[in-house]
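Structure first, commentary second.
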Amino acid sequence: MAIQRVRSKWAKTNVLLQSPLLAPRIPDTKLWSPDMLAIMLDQYGMVYVKPDGGTFGKGVMRVWKTGEEEYYFQSGTVAHTTTSVSSLAEQLESIMGGRGYLIQRGISLLQLEGRSFDLRVMVQRNGANRWETTGLIGRLAQANKIVTNYHSGGTLTEVSVLLRPYLDLESQQQLYGELRRLGTDTAKQLSGTYPGLKEIGLDVALDDQFRFWVLEVNTKPDPYIFRALKDPSIFRKIYRYAVQYGRIKRFKKRRAAK
């Protein structure tokens, strides 16, 4: 059976919201409309506008307001300003180009030396066909950028390095256990609707209260980013599982001619 992929962030979000356990971990997310943009900016002050089917952080925009007539949006490293929400929506729609977009409540990420970071949680079907969280890695945004994704210039970083200024070792270990459970709970919930899933990657934000927020779930996560970790056994397990369920084809070495 082919590995199932789910491209739509909106579809995945709605499945997760059906779980009483996971729903509180999902930032308020709505389909794009200018009216909804105005409502959510009034409610939260800052939101992210993201493509429903985007990958690698492409097309994500941060939007915020600082007063009654001061609106800003940023895609990349440059912030733009306008004086009305209607003008703001027009400018955003010109960038969207008719593609489907979502509006998501903005979560202020924890930072390391002024750079925002989030976490990638890798979850896979193991040899017993059970869901297992196999890897945790941090993603540190490039200076002045709004996305942490490695493919958009982010830096892959040990989670312990990112959390060291905030948590002692015992608290970090407790947090890792909670992240692993969050990963398997999310995979179980999604696979109830999409039974062909074999792997997922959660993008998880931590706010200043160390509360987890599942920003989105990728059903084709990059396994190779985990080679950046100091412990090589983590990537070896991820690779082994990926070979077992057919994500990666293992090529046999050719024998030297005698």
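Remember, it's a predicted structure, so these values are computed and weren't measured experimentally. The first residue in the sequence is number 1, and the count goes up from there. Values reported hereafter were calculated over all heavy atoms of this structure, with side chains retained and with hydrogens, waters and symmetry mates removed.
Exactly one residue among Val123, Leu22, Val121 makes a side chain to side chain contact (heavy atoms under 4.5 Å, CB included) with Leu182. That residue is Leu22.
Contact record, Pro165 with Leu112: CG-CD1, 3.8 Å, taken as the closest heavy-atom pair. For the residue pair Leu162 and Gly138, the shortest heavy atom distance occurs at CD1-CA, 3.5 Å. Between Arg211 and Pro24, the shortest heavy-atom distance links the atoms NH2-O, 2.7 Å. Residues Ile3 and Gly246 share a closest heavy-atom pair of CD1-C, 4.0 Å. Asn126 and Gln244 get closest at one heavy-atom pair: C-OE1, 4.2 Å. Taking every heavy atom of both residues into account, Ile225 and Ile137 meet most closely at O-CD1, 3.4 Å.
The side-chain hydrogen bond (donor to acceptor under 3.5 Å, both in side chains) contacts involving residues 185-197 comprise Trp131-Ser191, where partners must be two or more places apart or lie in separate chains. The salt bridge (charged side-chain N to carboxylate O under 4.0 Å, His left out) pairs that include a residue from residues 88-104 number zero, where partners must be two or more places apart or lie in different chains.
Applying the side-chain hydrogen bond (donor to acceptor under 3.5 Å, both in side chains) test to Arg181 and every residue at least two apart in sequence or in another chain returns nothing. Scored by the side-chain hydrogen bond (donor to acceptor under 3.5 Å, both in side chains) test, Asp28 finds Lys30, Tyr44 as partners (sequence neighbours excluded). Taking Trp213 as the reference, nothing meets the ring pair (Phe, Tyr, Trp, His ring centres under 6.0 Å) condition, with sequence neighbours excluded. With sequence neighbours excluded, no residue satisfies side-chain hydrogen bond (donor to acceptor under 3.5 Å, both in side chains) with Gln4. Arg180 pairs by the side-chain contact (heavy atoms from CB on, under 4.5 Å) definition with Thr133, Leu136, Tyr176, not counting sequence neighbours. Remark: Ser171 pairs with Asp168 by the side-chain hydrogen bond (donor to acceptor under 3.5 Å, both in side chains) rule, at least two apart or across chains. Ser84 meets the side-chain contact (heavy atoms from CB on, under 4.5 Å) test with Ser86, Ser87; sequence neighbours excluded. For Tyr224, the ring pair (Phe, Tyr, Trp, His ring centres under 6.0 Å) criterion is met by Phe235, not counting sequence neighbours. Applying the side-chain contact (heavy atoms from CB on, under 4.5 Å) test to Thr13 and every residue at least two apart in sequence or in another chain returns Leu17, Ile26, Thr29.
Between the CZ atom in Arg25 and the CG atom in Leu16 there is a gap of 13.0 Å [rounded to 0.5 Å]. The NZ atom of Lys9 lies 8.0 Å from the CG atom of Asn218; values are rounded to the nearest 0.5 Å. For the atom pair Leu92 CG and Tyr101 OH, the distance stands at 9.0 Å (nearest 0.5 Å). Rounded to the nearest 0.5 Å, atoms CH2 (Trp64) and OH (Tyr48) are 9.0 Å apart. From Leu110, atom CG reaches atom CG of Asp208 across 7.0 Å, with rounding to the nearest 0.5 Å. Atom CG of Leu206 sits about 6.5 Å away from atom CG of Leu179, to the nearest 0.5 Å.
Side-chain heavy atoms closer than 4.5 Å link hydrophobic residues (I, L, V, M, F, W, Y) into clusters, and following such links, possibly through other members, connects Val204 to Phe210. A single hydrophobic cluster is seen to contain both Leu41 and Ile95, as judged by linkage of ILVMFWY side chains at heavy-atom distances under 4.5 Å, directly or through other members. Linking ILVMFWY residues whenever their side-chain heavy atoms come closer than 4.5 Å, directly or via other members, places Leu175 and Tyr166 in the same cluster.
In this structure the side chain of Tyr71 reaches within 4.5 angstrom of the side chain of Val85, judged on heavy atoms. Between Glu216 and Lys50 there is a side-chain heavy-atom pair separated by less than 4.5 Å. Looking at Arg164 and Val161, their side chains come closer than 4.5 Å, going by heavy atoms from C-beta outward. Taking the side chain as every heavy atom from C-beta outward, Val6 and Val15 never approach each other to under 4.5 Å.
No side-chain N or O of Asp35 forms a donor-acceptor pair with one of Ser33 less than 3.5 Å apart.
In this structure a side-chain-to-backbone donor-acceptor pair under 3.5 Å is missing from Gln104 to Pro27. Within the 3.5 Å criterion, the main-chain N or O of Asp231 finds no donor-acceptor partner in the side chain of Ser233. At distances below 3.5 Å, at least one donor-acceptor pair connects side-chain atoms of Lys12 with backbone N or O atoms of Val217.
By the neighbour-count criterion of 12 heavy atoms within 6.0 Å, atom CZ of Arg5 is densely surrounded, having more than that number from other residues, nucleotides or ligands.
Salt bridge present: Arg247 and Glu199 bring a charged side-chain N and a carboxylate O closer than 4.0 Å. A salt bridge links Asp118 with Arg139: at least one charged nitrogen is closer than 4.0 Å to a carboxylate oxygen.
Hydrophobic cluster membership for Leu31: Trp10, Leu102 (Ile, Leu, Val, Met, Phe, Trp, Tyr linked by side-chain heavy atoms under 4.5 Å, directly or transitively).
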Determine, stepwise, if the pair Met122 / Ile234 fulfils side chain to side chain contact (heavy atoms under 4.5 Å, CB included).
CA-CA 10 Å; Met122 184 77 172; Ile234 295 173; over 6 Å; no
